[in-house]
Each structure stands twice: as C-alpha cells, then as structure tokens.
Number of protein chains: 2
Amino acid sequence: METLRERKKQRTRDALVRAAVELFTSQGYDRTTVDDIAAAVDVSQRTFFRYFAGKEEAALALQDMVVARFVASVRERPSHETPLEAMRQAVVEGWDTINEIIESVVPVEQYLRMYSVIESSPVLLAAHLRRSTETEERLAHVLAEREGVDLDTDPRPRLAVAVFSGVMRVTERQWTMAGDFSLETMREMTISYLEQVGPTLTENWRTH
Amino acid sequence: METLRERKKQRTRDALVRAAVELFTSQGYDRTTVDDIAAAVDVSQRTFFRYFAGKEEAALALQDMVVARFVASVRERPSHETPLEAMRQAVVEGWDTINEIIESVVPVEQYLRMYSVIESSPVLLAAHLRRSTETEERLAHVLAEREGVDLDTDPRPRLAVAVFSGVMRVTERQWTMAGDFSLETMREMTISYLEQVGPTLTENWRTH
DNA sequence: GAGGCTAGTGACAGCCTCTGACAATTGACA
DNA sequence: TGTCAATTGTCAGAGGCTGTCACTAGCCTC
C-alpha cells in the first residue's frame with residue numbers, strides 16, 4: 001500500500017465491492033448487471049473484469065476476507081486443542097471480530113444481508129459452495145500440520161473439516177431462513193449445532 | 001412412455017445426454033459449446049434449452065438419475081436401522097446397482113469419467129455442489145419422516161445428512177484424484193471413510 | 001525535472017450462454 | 001380427415017466474459 005498507484009487501485013477495488021454489495025442487496029443479484037456496477041463506480045466494464053474474474057467474485061469478496069481470517073485464526077489456536085475445538089473456537093471468535101474486518105469496506109449490516117442474497121441466488125450459492133471446498137482443502141492442510149499427520153495418506157484431516165463445514169453450512173442456512181439477521185443468533189446457533197453433532201450421530205432419535 | 005410423442009421426446013433427451021457426455025469426456029466441458037451438442041444430435045440450440053435449463057444440467061443428468069435412486073433407496077431401508085446406517089447401506093447398495101440405472105443411456109465407464117470432468121471444471125463443480133444441497137434437503141425430509149421428528153424444530157436430520165454428505169464428498173474427491181476409476185475402489189473407500197468418521201471426531205490423532 | 005517505461009484503463013469487437021416471441025411442423029384424437 | 005395441442009426451428013437480443021490495441025498517468029532513472 002505504499003505507492004500512489006497501489007492506493008488508487010485499492011480504492012477502486014473497494015469502491016467496486018461497495019457498489020456491488022449495495023446493488024446486490026437492494027435489487028438482487030440477477031437484476032444487477034456488471035455494467036450497472038461499473039457505471040456506479042464510473043469505470044469501464046472491462047476494468048471491472050480486471051479486478052474480478054466474474055460477477056460472483058465481487059459478490060463473495062467480503063466472504064473471502066472473513067474466511068481468510070478464519071483460516072488464519074485456526075492456524076493460531078493453541079496446539080493442545082483438538083482439531084474440532086480449534087475450529088469451533090476460531091468460528092465463535094470470528095463472530096466477535098467481524099466488525100474489524102468488514103467495516104473498512106461496508107457496514108456489517110450489509111455484509112449480513114449478503115447471506116440472503118447468496119442463499120437466494122442459485123449461481124451465487126453454487127459459486128459460494130465451490131469456494132468453500134477450496135477453503136476446506138486449505139483447512140485440511142492446517143489441521144494436518146497441527147497434528148503432524150500426512151495429508152496424502154491420512155484422510156482424517158479432510159474428514160474432520162468436511163464434517164465441521166457441513167455443520168457450519170447447515171447453521172448458515174438455517175440462520176438465513178430464520179430471517180433473524182443478528183450476530184448473536186448466529187453465535188448461539190453455531191455453538192448449539194456443533195454441540196449436537198456428537199449426540200446426533202450416536203444416540204437414538206426416537207424417544208419412546 | 002406410452003405415446004409416440006413421449007417416446008420420441010425421451011429419445012431426443014437421451015441422445016442429448018449421450019452427445020453431451022461424449023463431448024464433455026473427450027474435449028472437456030468448457031471446450032464444448034451447446035451448439036456442438038445440439039449439432040451432434042441435429043436439433044436446434046433452442047431445443048437443447050427446452051430439455052435442459054443449462055449446459056450444466058445436461059452434464060449432471062446422469063448424476064441426477066443415480067441420486068434419485070439413492071434417495072429412494074434410503075426411504076426403503078428397514079426402519080430399525082439408524083439414519084447413518086440406512087444412508088450407508090443405500091450408498092453401498094447403490095454402487096452395486098449402478099449399471100442398471102446408467103447403462104440405458106451411456107456406458108458406465110463414461111459415467112465414471114464424468115466425475116473427473118465435474119471435478120476439473122469450476123462452474124460444473126459449483127453446479128454439482130449446489131444440486132447436492134438440494135438432495136441433502138430431500139434426504140433430511142426422508143430421515144425426519146423415518147424417525148418421526150419435526151424438521152422445523154429439530155436440526156438433527158439436517159445435521160446427520162450434512163455430516164454424511166461431507167464424508168461422501170471427500171470420498172468422491174479422493175477417489176477422483178487417485179485416478180483409479182473402478183467401482184470396487186469407490187466401494188471400499190466409501191466404507192472405509194464412513195468407518196473412520198467416528199474415531200476422527202473423538203479420538204486423539206497424535207500417536208505418541 | 002525531463003523523458004522513457006510500465007501498469008492501469010477505455011473503447012471496441014466478438015464469443016457463448018440463455019430467453020422471449022412467433023411461425024412452422026408433427027403427433028393426438030374425435 | 002380435420003382440428004387441436006405439443007414440439008420444434010428461426011430470429012432477435014440481453015448479459016457475462018475475453019482479446020486487442022491505443023492511450024494516459026504514475027514511477028524511475030539520469
């Protein structure tokens with residue numbers, strides 16, 4: 001972020017993300033064209049595509065920031081924690097520090113609203129899920145290193161991450177459907193669902 | 001499949017899927033245009049889009065058939081099995097009966113090769129993952145009914161399905177990466193990975 | 001601080017996916 | 001056989017995305 005060039009570039013990028021999120025949350029993802037976004041920032045459409053590989057990437061830029069922080073957070077967890085504990089703590093901690101990450105680009109409120117946008121747009125949801133698998137792969141590497149196991153021969157890191165991500169995905173979805181867009185609710189659901197995984201897999205559901 | 005019209009339609013659809021899979025597995029997904037597929041079957045591009053909502057749908061048509069069978073299979077499992085047992089049995093059983101489902105449209109070998117195509121094409125993988133979430137939702141309904149719990153208030157069906165799907169997804173991916181496209185290997189990996197989930201979540205990975 | 005160098009941009013042109021509208025064709029059925 | 005409905009082809013066009021090329025503005029050296 002030293003030179004004027006770099007600062008200018010960052011400003012353009014932020015402006016594009018801001019405009020994109022603004023338009024997506026107000027008009028919807030499909031009803032917003034790349035031209036709209038470019039026009040809102042007063043750059044050419046071609047320039048938009050120099051910053052983002054596609055419309056999706058602009059929509060998921062905020063997610064990327066949060067996810068990157070989450071992965072880093074897991075890596076920094078004390079090594080006495082089990083993989084699941086480490087991921088759990090990192091997520092919960094994440095919900096508390098979201099402001100710091102997002103607020104520099106858009107209001108947190110708008111970030112939360114993007115969850116609905118993502119969930120309600122098939123193409124966007126698809127892109128989000130694919131990116132999540134990339135995150136999972138990165139996470140698996142982190143866990144393997146933490147626990148000192150070989151990712152090529154030991155499937156456990158990937159299995160643990162897959163299970164964890166599955167639960168988080170359900171949480172995300174249920175939270176969105178509930179329509180209560182508060183961080184507090186999200187926090188509670190995260191903890192609650194993660195607690196229930198064990199019993200769900202082992203205990204009998206039928207109570208009679 | 002009574003009238004001539006219906007038979008003709010089915011034949012066109014099968015021909016499109018066949019041509020699509022043929023082209024995708026030989027040239028790759030991105031290097032195959034909808035025009036190519038339509039031309040191979042000698043119908044107009046517009047007709048293609050009357051059969052499939054998009055290029056992806058044609059590519060995932062075979063998957064759909066297999067998945068539909070899987071969900072039905074879970075529904076038919078004896079009620080004394082736990083949810084996880086039922087899903088596990090349904091999958092393993094599925095690998096044994098795949099021929100019957102697929103062979104009527106394309107050789108099984110080609111179906112297996114589509115896994116690589118899906119895995120190596122970002123857009124296609126994204127579409128696949130999104131569709132998987134829809135399957136998960138359907139599965140959750142099946143489990144909820146089986147166990148007699150309320151899906152609106154009880155997260156356990158969705159959690160169980162999410163965990164199971166997560167494991168299956170890892171299996172799928174590792175199988176594809178291994179490059180050994182035999183049903184036998186897939187079968188073994190499925191069973192092996194599902195067995196390891198429990199220990200992975202509870203036991204200590206560090207053996208010293 | 002002048003001039004060369006290069007990253008970043010705008011302006012086209014063009015490909016591909018996908019959709020709406022309307023006309024032409026073909027099967028269904030009285 | 002004639003009418004009706006379903007299926008298809010043709011045409012037109014929007015929108016996402018990419019290559020190309022010229023141009024401007026920041027940067028760096030002398």
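Every chain is numbered from 1, with letters handed out A, B, ... down the list of sequences. On a predicted model such as this, the values are computed, not experimentally measured, just so you know.
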Polar-atom pairs under 3.5 Å, protein N or O versus N or O of nucleotides 23-27 of chain C: list them with distances, or write none.
from   : atom 1 : to     : atom 2 : distance (Å)
C/dT26 : O2     : B/Arg5 : NH2    : 3.4
C/dG27 : OP1    : B/Lys8 : NZ     : 3.1
C/dG27 : N3     : B/Arg5 : NH2    : 3.0

Please tabulate the protein-to-nucleotide N/O contacts below 3.5 Å involving nucleotides 15-21 of chain D, giving atom names and distances.
from   : atom 1 : to      : atom 2 : distance (Å)
D/dG16 : OP1    : A/Lys55 : NZ     : 3.1
D/dG16 : OP2    : A/Val34 : N      : 3.2
D/dC17 : OP2    : A/Lys55 : N      : 2.8
D/dC17 : N4     : A/Gln45 : OE1    : 3.4
D/dG19 : N7     : A/Arg46 : NE     : 3.3
D/dG19 : N7     : A/Arg46 : NH2    : 3.0
D/dG19 : O6     : A/Arg46 : NE     : 2.7

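In this structure a side-chain-to-backbone donor-acceptor pair under 3.5 Å is missing from B/Arg173 to B/Glu119. With A/Ser165 contributing its side chain and A/Ala162 its backbone, the two residues share no donor-acceptor pair below 3.5 Å.
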*Under the side chain to side chain donor-acceptor pair (under 3.5 Å) rule, what do A/Gln196 and A/Ser192 come out as? Steps first, then yes or no, please.*
CA-CA 6 Å; A/Gln196 290 183 65; A/Ser192 160; 3.1 Å; yes
_Test salt bridge (charged side-chain N to carboxylate O under 4.0 Å, His left out) applied to A/Glu134 and A/Arg138, step by step_ = CA-CA 6 Å; A/Glu134 287 163 13; A/Arg138 254 176 289 142; 5.1 Å; no
*B/Asp36 and B/Arg31: CA distance, side-chain angles, deciding distance, salt bridge (charged side-chain N to carboxylate O under 4.0 Å, His left out) verdict*: CA-CA 10 Å; B/Asp36 290 340; B/Arg31 278 180 299 285; over 6 Å; no
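Side-chain atoms of A/Tyr29 and A/Val123, non-hydrogen and from C-beta on, do get closer than 4.5 Å to each other. A 4.5 Å side-chain heavy-atom check between A/Val34 and A/Phe49 finds at least one atom pair inside the cut-off. Between B/Val43 and B/Tyr51 there is no side-chain heavy-atom pair separated by less than 4.5 Å.
Using cut-offs of 30° and 60° on the angle between ring planes, the pair B/Tyr111 and B/Tyr115 is perpendicular.
Atom C1' of nucleotide C/dT17 and atom CD1 of B/Ile37 are separated by 11 Å, given to the nearest angstrom. The distance between atom CZ of B/Arg13 and atom P of D/dT8, rounded to the nearest whole Å, is 12 Å. Residue B/Asp42 contributes atom CG, which lies 13 Å from atom P of D/dT8 at whole-angstrom precision. The CD atom of A/Glu6 sits 11 Å away from the C1' atom of C/dA7 (whole-angstrom rounding). Rounded to whole angstrom, the span from the CZ atom of A/Arg7 across to the P atom of C/dG8 amounts to 14 Å.
Contact check, A/Thr47 against C/dG10: a side-chain N or O comes under 4.0 Å of OP1 or OP2. Between A/Tyr51 and C/dT9, a side-chain N or O to OP1/OP2 separation shorter than 4.0 Å is present.
Using a 3.5 Å distance cut-off with no hydrogens or angles, the side chains of B/Trp175 and B/Thr185 do not pair a donor with an acceptor. Side-chain contact, A/Ser44 with A/Thr47: a donor N or O sits under 3.5 Å from an acceptor N or O.
Only at 4.0 angstrom or more do the heavy atoms of residues 116-133 of chain A sit from any atom of DNA chain C, so none qualifies.
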